[in-house]
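Here is the structure we will look at, set down as structure tokens.
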Number of protein chains: 2
Amino acid sequence: MPMGRWEPNARDRLAQAAMTLFQEHGYDRTTVEEIAARAGLTERTFFRYFTDKKEVLFGGSDALHERIVTTIAGAPQGTAPLDAVATALDAMAPFFKDRREHARARQALLAAHADLRERELIKLASLASAAADTLRKRGVTEPTASLAAEAGIAVFKVAFERWLEDPKEQDLSRHIQLGLDELRAVTASTGPVAPAVAPAAPPQRPTRPARARKP
Amino acid sequence: MPMGRWEPNARDRLAQAAMTLFQEHGYDRTTVEEIAARAGLTERTFFRYFTDKKEVLFGGSDALHERIVTTIAGAPQGTAPLDAVATALDAMAPFFKDRREHARARQALLAAHADLRERELIKLASLASAAADTLRKRGVTEPTASLAAEAGIAVFKVAFERWLEDPKEQDLSRHIQLGLDELRAVTASTGPVAPAVAPAAPPQRPTRPARARKP
DNA sequence: GATGTGATGTCAGCAGCTGACATCAAGGGG
DNA sequence: CCCCTTGATGTCAGCTGCTGACATCACATC
């Protein structure tokens, strides 16, 4: 069997080595040099594959990006913006199917390191921005496109976290649907601005439990 | 006149020196040592005031944080979650009144440096998280609290950007209101999921221009 | 006047990251 | 078969962000 001069999949090896070491010794007590060594490479090479030490944890983000764009672009003409976005969110779910445990481990790292959360947030923001761009190409005008995209990403964030914690282990897809329903419920409610003084309400109802889907 | 051992307002001096140098030479060609020197201090001292080189650009964020929390906490009993958040967003507007030019300069820096955008995003996320916490203390249950908070922050992001670009220079407050209206319009629309095939719609209307406020 | 105390300075050092250049197998003409 | 190019990697030097440990020194307090 032909084996090139170097072991293949350097990138994957680096990513995997990093994940392992981060879990074993923690993120900031793991050195890029150690990661590279474990992958049989050099620090310098690490930085040829990843711009950042952080970036090594964000491999699939390009795929998500593309999936979102093509899904929105491919939505039937006349689809309402938020519905197009909703479809795109749903199209992301398969990427995480069967990777719940991996996602949880990753999330644990993010929870412990603000650096990593920052990176995660900019990735999500970039998804939102791409979604908005694509909506605009479909003729959606400006405040609408950005808001639909941002709202969609907000739903995804919440849904994703709930998916990770859900003891019933329902599909991510399901949580996204619930999130969208809830968003609609939350925004559908009252008028412009609350009155200055409250008319002494009772103990305070929890505001509106998530309503069942399919009215 | 009594003058202490050191010039006062070290923190402010550092922040201002940083802003100036960033604009003159760019963010990454400005060294922390240079900033400190310009403020008559040492690099080491800079890092006593700011955890980060980036952090020097995010001074007011604590004040915003507090304002959001107290505003939401102080909303009349029975106020709908999104309305409470909306009020809080509006309460942030005064912080930026008369600082439009400063905000634009800042935004220009953010636009050029992903590092800084990351920091900005985590600040916003932190605001959202605080808002959600406060809502929860008011009895709002979970998916609702997070979604109202995140949606609110999404509105703020969009409104803020539009405010910076608005040739008519309308109030930030106004843009927030428009954003909220638009969010409601975007979410109020169609049902759960778009049909698989579109019934051949006409040229495609821009989906729904922002409707006037006050139905 | 001795004794803190708080803001600052000094120094040493690591880790992240980069530019410049070297190496070396594989592949492709000539 | 040799040469040359190419691409992935290694080597080295160096800056800058950031931190821990310790020194200083005006000012306040007793």
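Here the structure is a predicted model, which is why all the values come from computation and not from measurement. Here is the naming used below: chain letters follow the sequence lines, and residue numbers restart at 1 for every chain.
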Is there side-chain contact between B/Leu64 and B/Phe96, with heavy atoms separated by less than 4.5 Å? yes
Could you tell me if the side chain of B/Glu161 sits less than 4.5 Å from the side chain of B/Lys157, heavy atoms only? no
Which sits closer to the 5' end of DNA chain D, B/Thr51 or A/Ala10, going by the nucleotide each is nearest to?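 The residue closer to the strand's 5' end, by nearest nucleotide, is A/Ala10.
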Under 3.5 Å, is there a donor-acceptor pair between the A/Gln177 and A/Ser173 side chains?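 No pair is found: no donor N or O on one side chain lies under 3.5 Å from an acceptor on the other.
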Side chains of A/Glu66 and A/Thr70: any donor to acceptor distance under 3.5 Å?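 No, no side-chain donor-acceptor contact under 3.5 Å.
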Between [N] atom [atom2] and [X] atom [atom1], what is the distance in whole Å?
| X | N | atom1 | atom2 | answer |
| --- | --- | --- | --- | --- |
| B/Lys53 | C/dC17 | NZ | C1' | 13 Å |
| B/Arg29 | D/dC15 | CZ | P | 18 Å |
| B/His113 | C/dC17 | NE2 | C1' | 16 Å |
| A/Glu34 | C/dC17 | CD | P | 15 Å |
| B/Lys54 | C/dG16 | NZ | P | 14 Å |
| B/Leu14 | D/dC18 | CG | P | 14 Å |
| A/Arg13 | D/dA8 | CZ | P | 13 Å |
| B/Asn9 | C/dT8 | CG | C1' | 16 Å |

Does C/dA7 have OP1 or OP2 sitting under 4.0 Å from an N or O in the side chain of B/Tyr49? no
B/Thr31 side chain near D/dC15 phosphate (N/O to OP1/OP2, under 4.0 Å): no
Give one of base, sugar-phosphate or nothing for B/Asp52, where a contact means two heavy atoms less than 4.0 Å apart.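 Sugar-phosphate contact only - B/Asp52 comes under 4.0 Å of backbone atoms but never of a base.
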Would you verify whether the NZ or CZ of B/Lys53 falls within 45 degrees of the ring axis of B/Phe22 while also being under 6.0 Å from that six-membered ring's centre?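 Cation-pi check for B/Lys53 and B/Phe22: fails.
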Per B/Phe47 side chain, nearest of listed nucleotides C/dC17, C/dT8, D/dG17: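 For the B/Phe47 side chain, the nearest candidate turns out to be D/dG17.
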What ring pair (Phe, Tyr, Trp, His ring centres under 6.0 Å) pairs are there with at least one residue in residues 53-74 of chain A, not counting sequence neighbours? none
Does any donor-acceptor pair link the side chain of B/Arg48 with the base of C/dG6 at a separation under 3.5 Å?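 Side chain to base: no pair present.
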Nucleotide-level pairing of DNA chain D, given in dot-bracket where Watson-Crick and G-U pairs need both distances under 3.5 Å and | marks other strands: ||||||||||||||||||||||||||||||
Near B/Glu33 CD, under 6.0 Å, is it more than 12 heavy atoms from other residues, nucleotides or ligands?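 Atom CD in B/Glu33 is not packed in, count stays at 12 or less.
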At what distance, to the nearest 0.5 angstrom, does CG of B/Leu57 lie from CZ of B/Phe50? 9.0 Å
Check DNA chain D against residues 37-46 of chain A and give the residues with a non-hydrogen atom under 4.0 Å, in numerical order. A/Gly40, A/Leu41, A/Thr42, A/Arg44, A/Thr45
Any donor-acceptor pair under 3.5 Å from B/Arg11 side chain to B/Tyr49 backbone: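 Yes; judged by distance alone, with no hydrogens or angles, the pair exists.
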